[in-house]
Amino acid sequence: MHITKDLVAASATPLVLGILAEGESYGYAILKQVNELSSGQLEWTDGLLYPLLHRLERLGHVESTWETPPGGRRRKYYRITDQGRAELAEQRRQWAAVVDTLRGVWGTARSVKPIMTPAWEAGR
Amino acid sequence: MTVDSDHELEAQIAEWRAYMHRRQELRHADADELEDHLRNRITELTQAGLQSDEAFLIAVKRMGSLDELSREFAREHSERLWKQLVLPGEPDASTTARSRRELPIMMLCATIAALAIKVPSLFGLDISADDSGFYSRNLSLFTLPALAAYFAWQRRVSSRTIGVLALLFILGAVAANAYPLADDSQTIVLTAIHLPLALWLVVGVAYLGGDWRSDRRRMDFIRFTGEWLIYFCLVALGGGVLMAFTVGTFHAIGLDAEGFVQSWLLPCGAMAAVVVSAWLVEAKQSVIENMAPVLTRVFTPLFTATLSAFLVAIIWTNNGIDVERDALILFDLLLVVVLGLLLYAISARDLAARPGLFDRLQLALVVSALIIDAMVLMAITGRITEWGFSPNKTAALGENVILLTNLAWSAWLFLGFVRGRMPFAGLEHWQTRYLIVYAGWAWTVVLVFPLAFSFA
């Protein structure tokens, strides 16, 4: 299944904040976690995670530090802030509302019966 | 994984990084972060059994196209597209103790320049009253030594060069003050104009760190002069606004600040601005594009059009040039402008580039200026005997000849270049060599003219 770009973009912020709420992490690990959680269905272009992290940092939702393990390369770790937690809670509320609404719509329209492939798309 | 493929991988990663560095949206730290990511991805892929070069290709592909990446970074960090002058203050490992001291030293030099102009008033010489002759003669002597001192410190010039600089400044001070020049004489005006020019070239020696024989370094000084002039004008504009508000706001509460502005803010500010502008040019040098060449690009076509129109008008109407007293000075200034346009076009030019349309335009500008000036000179030589040789006219005529010589030879070199017979470097060489002639002439006017014209 392929998830459209718009949905990926919309879910990126709550996903990243949610992962960081579990503890500090760095770009690659965040990406791997997203991959595992979605069983590979959410596909991000690796590089684009970083502008997003920088944006969250500018907004004050996360903060970052460079850490250099002995004998290793330096790596940038991100940590969620209190403001970030508040933002995450707010996003959760919004997503819950969206999901509820969708459920409601799909529940009442059960008679339409699922995902009938329209005739003109049958050939694809 | 073998050592060989490890090597190859490192080379590939280095190349990828070099590629990223060319994007100004991506900072060094961003590149570090992305490289860390790339390496993690490669490690994971090689552990899954891929060859390192395959892993590299896939990792780069997954990173996303560089265009897309830098577009996203630009959206997040749009300020990076505007090059900023970062004032020293954020501690960085690369800034040495010396460059941290740069700002305080500059402030010190600027303060010295600002205070120097108030020293004579301790001895009863008032800047606004009848001692204006003293100030106009000595104006450059208050600030330019401080500027030279700043460069001498910054370039760590040898003590011999410092000695030469000090001697030249003392010579200038003696020339300005030892001769009995009356306040209404012509020679005092000439000294007031030429001493700053002579001393500016002395500052040039300090700017070049004593290495004034090098052509390339001299061109740097020419570039510096153009940028300095622009920054000085900008600072002066800001200063004008500051003064207007000072007078206006104090006037509103019934206090008169005009006296303070005239005898403190304006003179001290102007003196300090000379040093501050020089520092700004130095600090901005690698951060922002030079302005002088940009202005040159804009105004060369316009001046060419104006001068050509002027030539056509002379021929059409058959009017001779009316050689009034001030005409010579006007045409001197015209030559200075044309020379400036030429100099700053040269200063920004890629020496290896082939002649283009702009070069031909430049040649047309120089040639039309030459023709106009030749007409002026012809008109003047007829009447010079009527006037006799007063100091003013001799100086104006001498300058005209010097500028004319420069432009004539430049036109010749330019023609050779446009026709593909001579390298462009010849033109640059000629202009930088010619600085000596300006220095010689300025010092001659300051030192010899008062004697030759018996202080007229």
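Computed from a predicted structure; not experimentally measured. Convention: sequence-line order gives letters A, B, ...; per-chain numbering from 1.
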Notebook entry, point to check: What part of B:Arg41 is in contact with chain A, defined as an atom under 4.5 angstrom from a non-hydrogen atom: side chain, backbone, both or neither?
Noted result: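 Both parts, heavy atoms under 4.5 Å.
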Taking [atom1] in [X] as the centre, count heavy atoms belonging to other residues, nucleotides or ligands within less than 6.0 Å. Is the count above 12?
X: A:Arg79; atom1: CZ; answer: yes
X: A:Asp82; atom1: CG; answer: no
X: B:Phe245; atom1: CZ; answer: no
X: A:Tyr26; atom1: OH; answer: yes
X: A:Arg92; atom1: CZ; answer: no

- When you check the side-chain N and O atoms of B:Glu72 and A:His54, is any donor under 3.5 Å from an acceptor?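 Their side chains do not contain a donor-acceptor pair, so the 3.5 Å distance test is not met.
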Audit row: A:Thr45, B:Arg62, side-chain contact (heavy atoms from CB on, under 4.5 Å) steps and yes/no: CA-CA 6 Å; A:Thr45 311; B:Arg62 295 209 52 168; over 6 Å; no
>> Quick check for you: to the nearest 0.5 Å, what is the distance between A:Tyr28 atom OH and B:Leu34 atom CG?
In response: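 It comes to 14.0 Å.
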From B:Glu33 CD over to A:Arg73 CZ, what is the distance, rounded to the nearest 0.5 angstrom?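 Result: 13.5 Å between the selected atoms.
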Interface moiety of [X] toward chain B, non-hydrogen atoms closer than 4.5 Å:
X: A:Trp66; value: side chain
X: A:Arg55; value: both
X: A:Leu31; value: side chain

Closest contact, heavy atoms only, B:Met63 versus A:Asp46:
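It is CA-CB, 3.7 Å.
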**Side-chain ion pair, B:Glu44 and A:Lys32, N-O less than 4.0 Å** =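 Salt bridge: yes.
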Do B:Asp36 and A:Lys76 sit within salt-bridge range, that is, some charged N less than 4.0 Å from a carboxylate O?
->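 Looking at B:Asp36 and A:Lys76, the cut-off is not met.
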Can you find a pair of side-chain heavy atoms, one from B:Asn40 and one from A:Arg75, that are under 4.5 Å apart?
->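 B:Asn40 vs A:Arg75: side chains touch.
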Original post:
If we only count heavy atoms from C-beta on, is the B:His37 to A:Tyr50 side-chain gap below 4.5 Å?
Top reply: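 Yes, their side chains come closer than 4.5 Å.
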